[in-house]
Chemist: 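Before anything else, here's the structure in question.
Chain identifiers are assigned alphabetically (A, B, ...) following the order of the sequence lines, protein sequences preceding nucleic acid strands; residue numbering begins at 1 within each chain.
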There are 2 protein chains.
Amino acid sequence: MPVSSSRHAAASADAAAPAPRRSVRDEVEQSLRAGLLSGRFVPGHSVTLRGLAQELGVSPMPVREAVRALSAGNALEIRSNGRIQVPTMTPQRLSEILTARLLLEPELAFVAAAHLGSSDATALRKIDDRVDESLSGGDAETYMRENFAFHFHIYRAAGSQVLMPLVESLWLQFAPFMRTVYGRVGTAALDDHHKEAIAAVRSRDAGGLRDAIAADIRCGMELLDRSSGEGLREAQPGPPD
Amino acid sequence: MPVSSSRHAAASADAAAPAPRRSVRDEVEQSLRAGLLSGRFVPGHSVTLRGLAQELGVSPMPVREAVRALSAGNALEIRSNGRIQVPTMTPQRLSEILTARLLLEPELAFVAAAHLGSSDATALRKIDDRVDESLSGGDAETYMRENFAFHFHIYRAAGSQVLMPLVESLWLQFAPFMRTVYGRVGTAALDDHHKEAIAAVRSRDAGGLRDAIAADIRCGMELLDRSSGEGLREAQPGPPD
DNA sequence: TTCGGGTAAATGTGATCACAAATTGAGGTG
DNA sequence: CACCTCAATTTGTGATCACATTTACCCGAA
C-alpha cells in the first residue's frame, strides 16, 4: 500500500507557514522518536525496515535513513547481523545515562532560566497538571509524553543547539526502558520535583531551577535503585554484538 | 567507476580477525568521521552525495546513509534545500561546545583513570611525542589526528557506551572549525596539558587527570578567545536554514 | 560592461530490483 | 520426544532509475 504518490501531499499550499517541512524521511524519524519517547517500543524487541515502512505507509527507503539516524545516537541498535532492535538496558548503561543527565540537564536548565518568564511558568503548570493526572491515572504512555514536554519546554528556552541534541539523545536511550519500569512498579510512587521547578521559573531563580531539575533526575535514580535488577539484562560475557 | 562489484571485497577470508567489519556504509561513515576530525572538510563548504560517492568509489546509497547518520549528530548540516554542508561555526555554538566538553570530558577522564595503567602512560607518551612533533612542524592535520588519538585513548578506557558517543559528537562538531583556526594562527602557540595528564595516568591520580583534561580544554578556549571573531561567521538574522 | 532570462546540468529524494545472509519452519530421522 | 537438515521466507544492503527542485552557465539585450 504505497503512500499517495505525490511527495507534496503534506506540504500545504499556504506559504504563511515558515517551516512547512516536507520530506517523508523526517516525518518517519519524528514518528520513531515519538514512539521511543512514549515507550511504544519495547527494549530488546526487534523491528524491521519493511515492517515499519508498511506500518507508516511509506517505502522502506526513508525508514532506512531514519533508523540509521536514530542508531547513530544509540536510540536504536544495529546488531552484527544487521538486525535492528531497540537497545536493551544494562545496569552500567543506565548508570552512565543518569550520570550524563545529571551533568548536562541541570546546567541546561540553569542557562534556560534566564529566558523563561511567568508565561512559561503557567504553561509548565498546565503540562504538570497533565503529568499528575496521568500519574494518578496510571497512564504511563501519556505520563512519559507529558514529562518529556515539561522538561524540554524548559530546555528549549536555553536556545542551545549543542546541549539540546545531546540531552535528547539521552532521553531517547532511556525512555523505552523507563516505560517497562513504570509498567512494572507503576507510576504512583513517583514524586517528581516539578512544583519546585515551576516555582523557580516563576521567581526567576536560576540556581533553584537547576537544583530542582537535579533533584528530579535523582528521584528517578532512586526509583530505579528501588526496583534494581529486575528487567535489567545483566551484562553477560557472551559474544559481543 | 563502480567499485568492484563483490561486496565481500574488503572482507578478507581469514577468520582470525575479530572485527573484519563488513558493510560499505560503515566504511564510508568512518572515512567521513576521519575527514571531519582531521580537518579535511572546510566549514561552510558543501559536499554532495554523488561527489563523495565517486571519491570513495562507491554508489551514492551508502554515502546517503552515512551522511544521514553524521548529520543526526550535527557533524554535518542538511540545509532547507537539502544541500549538505559542513556546519559553520558561530561564537555561541563554539561556546556551547566548549561548555559541554568541560562538563563531560573531565568526568569521563576521571572514570577512565581507574582503568589506565603504566602501559597506557607510555602509549600516551608516544602519541604525545607525535603531537609535539606535528606542533613544531606546523602540520595541523597530523596534529588534529594525534590530539584526537591522545584524548580518546584516555576516554576509551572508561568503557562508557554513553558518554563516549556524546563526546565524539562534540569533537566532530568543532574539529573542522579548529582546523581553520590552526591554519590561521598556527599551532605553535598551543601548550596543551598532555604532560600533566600523562603524569597523572602514571601515578594513577584520577583527580589530577580530570584537572589536566579540564585545563587542556580551557587552554583551547583561550586560544579561541585570543583569535576571537576571526573566522567566525556572525549569527546573522537572515532567513534560517 | 552589466544585468536578465532561459536552458542544461546537478542534486537530494523516494521507489524498485537483485542478491546474499540469516531466520524460520516444517519434515524427517535417531 | 529430541535433534538435525534443508528449503522457503524474511531481512538488510547496495545499485539503479525517475523525478522535482535547485543551481550553474551561457547567450543576448540594454
Side-chain angles (χ1 to χ4, degrees), chain A residues 1-13 15 19-32 44-72 76-86 238-239 241, chain B residues 1-13 15 20-32 44-72 76-86 239 241:
Chain A
M1 181 211 303
V3 74
S4 65
S5 67
S6 168
R7 52 195 290 193
H8 304 112
S12 54
R21 266 221 201 304
R22 64 198 184 299
S23 153
V24 179
R25 161 168 41 89
D26 288 336
E27 279 178 40
V28 171
E29 181 172 341
Q30 287 310 312
S31 179
L32 293 181
H45 205 262
S46 69
V47 296
T48 64
L49 253 30
R50 289 174 173 86
L52 289 173
Q54 185 171 356
E55 187 176 330
L56 297 171
V58 300
S59 89
M61 179 67 57
V63 180
R64 213 202 286 202
E65 293 185 49
V67 164
R68 180 36 73 163
L70 266 338
S71 75
L76 287 176
E77 186 181 349
I78 298 187
R79 302 183 68 90
S80 63
N81 55 11
R83 250 22 190 284
I84 307 159
Q85 73 173 38
V86 22
D241 268 345
Chain B
M1 181 210 304
V3 73
S4 65
S5 65
S6 169
R7 52 196 293 194
H8 303 112
S12 54
R21 264 219 202 303
R22 71 203 181 302
S23 158
V24 179
R25 160 168 43 89
D26 288 337
E27 278 178 42
V28 171
E29 181 172 341
Q30 287 310 314
S31 180
L32 293 182
H45 206 262
S46 69
V47 295
T48 65
L49 253 29
R50 289 173 173 88
L52 289 173
Q54 184 170 357
E55 187 176 329
L56 298 171
V58 299
S59 88
M61 179 66 58
V63 180
R64 215 205 281 206
E65 294 185 49
V67 164
R68 192 62 189 165
L70 267 337
S71 75
L76 288 176
E77 185 181 349
I78 299 186
R79 304 183 66 91
S80 64
N81 56 9
R83 255 14 195 284
I84 306 158
Q85 73 172 38
V86 21
D241 266 346

Chemist: Could you tell me the separation between the CZ atom of B:Arg68 and the P atom of D:dG12, rounded to a whole number of Å?
Modeler: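 So the CZ-P distance, B:Arg68 to D:dG12, works out to 19 Å.
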Chemist: Between atom CD in A:Gln54 and atom P in D:dT10, what is the gap in whole Å?
Modeler: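 After rounding, the gap between these two atoms is 11 Å.
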Chemist: Just how far, in rounded Å, is P of D:dT13 from CD of B:Glu65?
Modeler: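 Answer to the nearest Å: 6 Å.
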Chemist: Taking all non-hydrogen atoms of both residues, which atom of B:Ile78 and which atom of B:Gly82 are closest, and how far apart?
Modeler: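 Where B:Ile78 meets B:Gly82 most closely, the heavy atoms are CG2-O, 3.8 Å.
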Chemist: What closest approach, in Å, do B:Leu49 and B:Val63 show between heavy atoms, and which atom pair accounts for it?
Modeler: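 Closest pair (atom of B:Leu49, atom of B:Val63, distance): O-CG1, 3.9 Å.
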Chemist: From CD of A:Glu29 over to P of C:dT13, roughly how many Å is that when rounded to an integer?
Modeler: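 Going from A:Glu29 (CD) to C:dT13 (P), I get 12 Å.
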Chemist: Of all the choices, D:dT16, C:dG12, D:dG12, which nucleotide is nearest to the side chain of A:Leu49 once you look at every atom?
Modeler: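 Of the candidates, D:dG12 comes closest.
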Chemist: Find which nucleotide of DNA chain C each of B:Met61 and B:Arg50 is nearest to by heavy atoms, and output the residue with the more 5' nucleotide.
Modeler: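 With B:Met61 and B:Arg50 compared, the 5'-side residue is B:Arg50.
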Chemist: Would you kindly compare A:Val47 and B:Arg83 by the position of their nearest DNA chain D nucleotide and give the one closer to the 5′ end?
Modeler: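 Between the two, 5'-proximity favours A:Val47.
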Chemist: Taking all heavy atoms of B:Ala69 and all of A:Ala72, pick out the closest pair and write down the distance.
Modeler: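 That closest heavy-atom pairing would be O-CB, 3.6 Å.
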Chemist: Under 4.0 Å: is that the gap between some side-chain N or O of B:Thr48 and OP1 or OP2 of C:dT11?
Modeler: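 Answer yes for this pair, as a side-chain N or O of B:Thr48 is under 4.0 Å from OP1 or OP2.
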Chemist: Might you point out which heavy atoms bring A:Glu65 and B:Arg68 nearest each other, and give the distance in Å?
Modeler: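 So the minimum-distance heavy-atom pair works out to O-CG, 3.6 Å.
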Chemist: Expressed in angstrom and rounded to an integer, what is the separation of B:Ile78 atom CD1 from C:dG12 atom C1'?
Modeler: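 Interatomic distance, CD1 of B:Ile78 to C1' of C:dG12: 9 Å.
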Chemist: If I take atom CD1 in residue A:Ile84 and atom P in nucleotide D:dT13, what distance separates them, rounded to the nearest angstrom?
Modeler: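 A:Ile84 atom CD1 is separated from D:dT13 atom P by 7 Å.
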Chemist: On a plain distance test, is the side chain of B:Arg64 in donor-acceptor contact with the base of C:dG14 below 3.5 Å?
Modeler: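 Pair found.
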Chemist: So, is A:Asn81 near the phosphate of D:dG12, with a side-chain N or O under 4.0 Å from OP1 or OP2?
Modeler: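 Result: no.
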Chemist: Between atom CD in B:Glu27 and atom C1' in D:dT13, what is the gap in whole Å?
Modeler: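 B:Glu27 atom CD is separated from D:dT13 atom C1' by 13 Å.
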Chemist: Do you know the tightest heavy-atom contact between A:Val86 and A:Leu76?
Modeler: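 Taking every non-hydrogen atom into account, CA-CD2, 4.0 Å.
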Chemist: Expressed in angstrom and rounded to an integer, what is the separation of A:Leu56 atom CG from C:dA15 atom P?
Modeler: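 From A:Leu56 CG to C:dA15 P: 12 Å.
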